[in-house]
K.L.:
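First the structure, then my questions, so here it is.
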Protein chains: 2
Amino acid sequence: MASQTEENYLKSLFNMANEAGEVNISELAQQMQVSMPTVNSMVKTLQKNGWLIYEKYKPVILTSEGKKEAALVIRKHRLTEMFLVNKMGFGWEEVHEIAEQIEHIHAPKFFERMDEMMGHPTVDPHGSPIPDKLGRIQEVNYSTLSQCKTGQLVVLAALTNSSTEFLEFLNSRELNLGKELKILSKESYDQSMVVSFKDHASETLSEKVCDRLLVRVVG
Amino acid sequence: MASQTEENYLKSLFNMANEAGEVNISELAQQMQVSMPTVNSMVKTLQKNGWLIYEKYKPVILTSEGKKEAALVIRKHRLTEMFLVNKMGFGWEEVHEIAEQIEHIHAPKFFERMDEMMGHPTVDPHGSPIPDKLGRIQEVNYSTLSQCKTGQLVVLAALTNSSTEFLEFLNSRELNLGKELKILSKESYDQSMVVSFKDHASETLSEKVCDRLLVRVVG
DNA sequence: CAATTTTGTTAGATAGTTCTAACTTTTTAC
DNA sequence: GTAAAAAGTTAGAACTATCTAACAAAATTG
Ligand SMILES: [Mn+2]
Ligand SMILES: [Mn+2]
Ligand SMILES: [Mn+2]
Ligand SMILES: [Mn+2]
């Protein structure tokens, strides 16, 4: 059984993998906030457990068992976040830190019960998909708001970044998932966009913000 | 901040302390399911943290800081058990193992929210008192059913033992907290008691069972 | 009270997760 | 295509939580 530390590495590996499924040691070290030698010894351990492929001086690659292990931890994380928001009244900006701890609880029934109580949600409070019990993750591809054209009508569906600061910024503009936005104009100098919400005056959103908003085009 | 291991030791120390507040190393080793040298080194660590008083060859004694630390972990444990039963539909026999893990989560708001959602409960699903936010524990003294006399009317209020097996035994007899029992007779040979429940035929309860049932005498 | 048993301590080891310092290999830049 | 920079590895150490073996102190018992 994976330790808490191992579970955190697996999660990062899963999220960081490129198209080829590769992750560099230095990037992983930065992500995990530990030194490269620490990562070096941990990847050897993860390899011994059959969760990744490691060859000296090469980027590491999760095995399918590693991916499944990671996805099941991510499932617990996202179910927890959704439970905290939907059943316990937390804001979407408060739940990540708590879920970071609860994801390591070994109690299948506890997460089963959360899942049931919420009617088997498919996404977490930030729009990220919740893997199923077998660790399968449903891929959805939204566009970023930046990629959209003037005149389009879009619905905010997910985020590419869920830092507390960004979530608090979105709260301050009442930008929550499901919100309909109409793209009024795009400034070619700095890529900022002017959008209007239903029942709300128009807003200017910087390129940085537009890059972090994932939307479904509805018109 | 106490590690998970330290928190588990503190909890055991708190629960095992005799009238003088003393706990023997050998008893603690047995309780924690570790060797005596392991306990020996841990009590030195706990002493360094100011949570207990240790002198060679003497039983250890929690300091008031140690007692508070312990009580706050017990608070998290019991709030969790109550939440699992009242808000998530678990049986009282299923919650201890889960709470044993969740009690180590560092997220004051999470437990605050549980407490609020339940309207600040004062006891856990097994009738044990929930310490307050300052680690103060309200002492209640019930009698065991064994101590009661024939003819008395009592209400089941708590348990001296909450093992899964005992809880399952109580489930099988529909003996839950709040149940009114009338003591019909007591067998002097083996101390077994015959009791009748409201809306139920009479039952014989062994001495072992009667010792584990804490009751409030109501008539 | 002396012998035995029980309780507690020390020493030394292991496993997990982390570090820094020193070194090597690979990649990038001129 | 060499030199410098970046990435990765090894060695050696620390800290936590645990163990067993050996020893010492305290408690019990005849
Ligand atoms: Mn999260
Ligand atoms: Mn985590
Ligand atoms: Mn419990
Ligand atoms: Mn515990």
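Letters go in sequence order (proteins before strands), and every chain restarts at 1.
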K.L.:
Would you say the side chains of A/Glu81 and A/His126 form a donor-acceptor pair under 3.5 Å?
P.N.:
yes
K.L.:
What is the distance, to the nearest angstrom, from the CD atom on A/Glu7 to the P atom on C/dG16?
P.N.:
16 Å
K.L.:
Measure CG/A/Asn40 against C1'/C/dA21 and give the value in whole Å, please.
P.N.:
15 Å
K.L.:
Would you say A/Ser35 places a side-chain N or O within less than 4.0 Å of OP1 or OP2 belonging to C/dT18?
P.N.:
no
K.L.:
For the pair A/Gln4 and B/Gln4, evaluate side-chain contact (heavy atoms from CB on, under 4.5 Å) and give the outcome as yes or no after the intermediate values.
P.N.:
CA-CA 12 Å; A/Gln4 290 201 15; B/Gln4 290 202 14; 3.5 Å; yes
K.L.:
Please give, in whole Å, the distance from C/dT6 P to B/Met36 CE?
P.N.:
11 Å
K.L.:
Check the distance between D/dA27's C1' and B/Glu27's CD and give it to me in whole angstrom.
P.N.:
14 Å
K.L.:
How close or far is atom C1' of D/dC15 from atom CE of B/Met42, stated in whole angstroms?
P.N.:
12 Å
K.L.:
Indicate the atoms forming the closest heavy-atom contact of A/Thr63 with A/Gly50, along with that distance.
P.N.:
OG1-O, 2.8 Å
K.L.:
Checking contacts here: which listed nucleotide (C/dT18, D/dA17, C/dA11) is nearest the side-chain heavy atoms of B/Pro37?
P.N.:
C/dA11
K.L.:
Does D/dA17 have OP1 or OP2 under 4.0 Å away from a side-chain N or O of B/Thr38?
P.N.:
no
K.L.:
List the steps and the verdict of side-chain contact (heavy atoms from CB on, under 4.5 Å) for A/Leu13 and A/Val60.
P.N.:
CA-CA 9 Å; A/Leu13 284 162; A/Val60 296; 3.7 Å; yes
K.L.:
List in chain and number order the residues that pass side-chain hydrogen bond (donor to acceptor under 3.5 Å, both in side chains) with B/Thr204, two or more places apart in sequence or in another chain; answer none if no residue qualifies.
P.N.:
none
K.L.:
Could you tell me whether B/Thr45 contacts a base, only the sugar-phosphate backbone, or nothing, with contacts defined as non-hydrogen atoms closer than 4.0 Å?
P.N.:
nothing
K.L.:
Counting only side-chain heavy atoms from C-beta out, which of D/dT18, C/dT18, C/dG8 sits nearest to B/Ser26?
P.N.:
C/dG8
K.L.:
Rounded to whole Å, please give me the gap between CE in B/Met32 and C1' in D/dT16.
P.N.:
14 Å
K.L.:
A/Gln33 CD to C/dC19 P: how many Å, rounded?
P.N.:
10 Å
K.L.:
Would you say a side-chain N or O of A/Lys44 is under 4.0 Å from OP1 or OP2 of D/dT10?
P.N.:
yes
K.L.:
Quickly work out the B/Gln30 CD to C/dT6 C1' distance and round it to whole Å.
P.N.:
13 Å
K.L.:
Taking only heavy atoms on the protein side, list every residue of residues 46-58 of chain B lying under 4.0 Å from any atom of DNA chain D, sorted numerically.
P.N.:
B/Tyr57
K.L.:
Step by step, work out the side-chain hydrogen bond (donor to acceptor under 3.5 Å, both in side chains) result for A/Asp190 and A/Ser192.
P.N.:
CA-CA 5 Å; A/Asp190 67 358; A/Ser192 68; 2.9 Å; yes
K.L.:
Verify the contact: side-chain N or O of A/Ser3 to OP1 or OP2 of C/dT17, cut-off strictly under 4.0 Å; return yes or no.
P.N.:
yes
K.L.:
Should we count CD of B/Gln147 as having more than 12 external heavy atoms under 6.0 Å?
P.N.:
yes
